[in-house]
Amino acid sequence: MDNDFKSIGTFLKEKLKKFEYTPKEYEYGVVKSCADEIARIDGLPRCRYGELLEFGGSEYGIALELRENAVDAVLLNKSGTVVPGEMVSQTGRVAQVCVGDGLLGRIIDPIGRPLDGLGAVPSDEFRPLESHAPTIMQRTGVNTPLETGILAIDSMIPIGRGQRELIIGDRQTGKTSIALTAIINQKKDDVFCVYCAIGQKASSIAQVAAKLKSVGALDNTVIVASTADDCASMQYLTPYSGCAIAEKFMRDGRDALIVYDDLSKHAAAYRAMSLLLRRPSGREAYPGDVFYLHSRLLERSAKLSDEYGGGSLTALPIVETMSGDISAYIPTNVISITDGQIYLESELFNAGIRPAINVGLSVSRVGRSAQYKAMSGISGNLRLDLAQYRDTAIFAQFGADIDESTASLLRRGERLTELLKQARDIVFPLSRQVAVLLSYNNNHFDGIDLNKVAAARDGLLERLESSIGDTMRSIDGSGELSENDMNILTQASGAFFEELKNAKH
Amino acid sequence: MSKALLKIAGSFSSDDIDKITKGFEKLLGRQIDFEIVEDSSLIGGFAAYINGKVYDSTVALQLKNIRRGFLKD
């Protein structure tokens, strides 16, 4: 024990040898006024935009408005200790956050303080919250799929690694559920996930954390959270902080997925800040640079070329609409920035179609090229089938006489809709998705009562798992559907449906 | 004569304050009228606030530097 103390003593002595007594000379400012977490400061003529300022040694703020010999800054805490007359000094640093593998499984705030009561975050590397997006030369095309485990998305609106796919819809339409299912499905693929909760209820964040923990997905996820109770500046910083953490994975040559939940609240927080900073307001009272606010964030997602490690950062931003209005300011902005959107509708949700994806309005602009061969070969006409069905179903409602071909179209459409329903948190690996779609293409489901389609699907998957498990594994492993595998799969599913038919009679 | 603020930790003798004032007048080449404020949070030493600049020679600053150095290693 004595030895231990001695070695600590010599260690400290060794360290302290390096330090010399050095008086320092630096500029200071004086707080002129302070209200609503905005401090107006006199002085600091050489302050830089975005620099971290120190108020009396305990409180920090970010300089966001620079004038001749005066600075406006937003405070990062609501401590109420900043008073007029307080001395302010520059730190020479911009806001930064700790990054690295030590963060996995943790819940932190935007400046890296732990929120989960598990002690300090073990990390010695930092990245600035704001950083440049990868340049044109550093990027390469999206070429690897990012499986969400949701049949409707992976088949019709495929997402590639490095893509930005918006999830948009009214409140209570299952936006967060889709994002969480995508995170849960990354467990097996070594994709590191970051979930940014921006200005959400603390109870919702707790639920998300509990959900991820219960399925074991929290171990490869970092949650960066600011609650509705945090000040606007913290909410404003949250997505940038999450992005910095995810960027570290990408720059290390790994794959990362980031969910921004949600950017409408982020825009609202930025609007509050801008109005308090007395910046001129534009449409819907948002400031002029609200487009840049999101474009510079989402531009940081990329698929890097092999020279730069080949890592990727996929973004799933979420935007909440008001009564389905996607032509509001923030939705149109984010739609135009992203590489596609998944549009969720409350009517579909209430009709029991979950995930409530409106296939007509949802697109993926780059994902097709990244889809697995096994999937792209059999999912080609799904969108068309579904679109035709939805159109025809509207007319069929009037009870008009319909011919046989229309009736068949309706029958297939109804069954496809039923097959695409998927319970929350249930993920379908590629092989299962392929098996379901193959049976649909082979018209196996047509003879089954509508209310028994889901049960038949589940029965089929169970049977395939027990009878041709090896083939299913090989499809998952290779991502391709060889002729041989296809024959085995067709035969096994054919046999299952034959049995089902015989059992009925 | 320019107005300035001198924060000191604990009580300094008037001789000490005279010395400090003379030192700054020599450094900056003009007369300075210090308002003296005692601030125990400095722990030791003094900090002079003159015309938008701090000349910090406090123990608190040194401790902060040591802390930063430790965190960096």
Side-chain angles (χ1 to χ4, degrees), chain A residues 8 11-32 41-47 52-60 66-71 81 83 85-93 96-98 102 111-113 120-126, chain B residues 2-10 12-13 15-73:
Chain A
I8 291 172
F11 171 76
L12 286 178
K13 264 186 205 158
E14 203 54 40
K15 286 254 172 190
L16 287 172
K17 260 188 200 160
K18 279 192 285 181
F19 290 102
E20 280 172 28
Y21 176 79
T22 40
K24 217 172 124 192
E25 177 187 322
Y26 51 85
E27 285 169 351
Y28 76 97
V30 179
V31 175
K32 196 93 184 139
I41 302 157
D42 264 0
L44 299 179
R46 267 178 281 277
C47 181
L52 211 56
L53 303 176
E54 197 178 323
F55 293 77
S58 56
E59 179 87 39
Y60 288 88
L66 309 179
R67 288 191 301 272
E68 208 180 346
N69 220 19
V71 174
T81 53
V83 289
E86 176 115 47
M87 302 290 183
V88 187
S89 57
Q90 294 169 235
T91 61
R93 293 177 285 140
Q96 50 185 4
V97 66
C98 46
I111 48 176
R113 293 177 299 194
V121 178
S123 174
D124 45 14
E125 203 184 333
F126 291 84
Chain B
S2 49
K3 282 262 187 193
L5 179 75
L6 183 66
K7 280 195 183 180
I8 52 173
F12 278 31
S13 69
D15 267 7
D16 288 339
I17 289 173
D18 262 359
K19 253 191 217 162
I20 293 170
T21 314
K22 290 248 166 63
F24 276 112
E25 283 175 348
K26 203 172 150 197
L27 180 76
L28 303 172
R30 59 164 185 264
Q31 273 207 315
I32 294 165
D33 176 19
F34 272 127
E35 179 195 338
I36 314 281
V37 176
E38 262 189 48
D39 183 350
S40 61
S41 72
L42 304 182
I43 306 174
F46 66 88
Y49 293 76
I50 308 167
N51 201 17
K53 259 190 175 175
V54 194
Y55 300 84
D56 195 332
S57 170
T58 61
V59 175
L61 175 76
Q62 301 307 318
L63 287 175
K64 205 156 98 185
N65 285 343
I66 290 176
R67 184 166 170 263
R68 270 203 197 131
F70 269 46
L71 284 177
K72 224 182 249 172
D73 289 337

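Per chain, numbering begins at 1; letters A, B, ... match sequence-line order. Computed over heavy atoms, backbone and side chain alike; hydrogens, waters and symmetry mates excluded.
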Quiz item: Considering residues, nucleotides and ligands other than A:Phe11, do more than 12 of their heavy atoms fall under 6.0 Å from its CZ?
Solution: no
Quiz item: If you round to the nearest 0.5 Å, how far is CG of B:Asp56 from OH of A:Tyr26?
Solution: 3.5 Å
Quiz item: Where does A:Tyr28 contact chain B at under 4.5 Å (heavy atoms): side chain, backbone, both or neither?
Solution: both
Quiz prompt | Heavy-atom contact with chain B under 4.5 Å, split by part of A:Ser89 | solution = neither
Quiz prompt | Side chain / backbone / both / neither for B:Ile66 at chain A, heavy atoms under 4.5 Å | solution = both
Exercise. Check whether more than 12 heavy atoms from other residues, nucleotides or ligands sit under 6.0 Å from atom CZ of A:Arg46, and answer yes or no.
Key: no
Exercise answer: donor-acceptor pairs, residues 45-55 of chain B side-chain atoms, under 3.5 Å, sequence neighbours excluded:
residue, atom, partner, partner atom, Å
B:Lys53, NZ, A:Glu25, OE2, 3.0

Quiz prompt | Partners meeting salt bridge (charged side-chain N to carboxylate O under 4.0 Å, His left out) with A:Glu125 (sequence neighbours left out) | solution = A:Lys248
Self-check item: Point-to-point distance, once rounded to the nearest 0.5 Å, from NZ of B:Lys64 to CD of A:Glu54
Solution: 3.5 Å
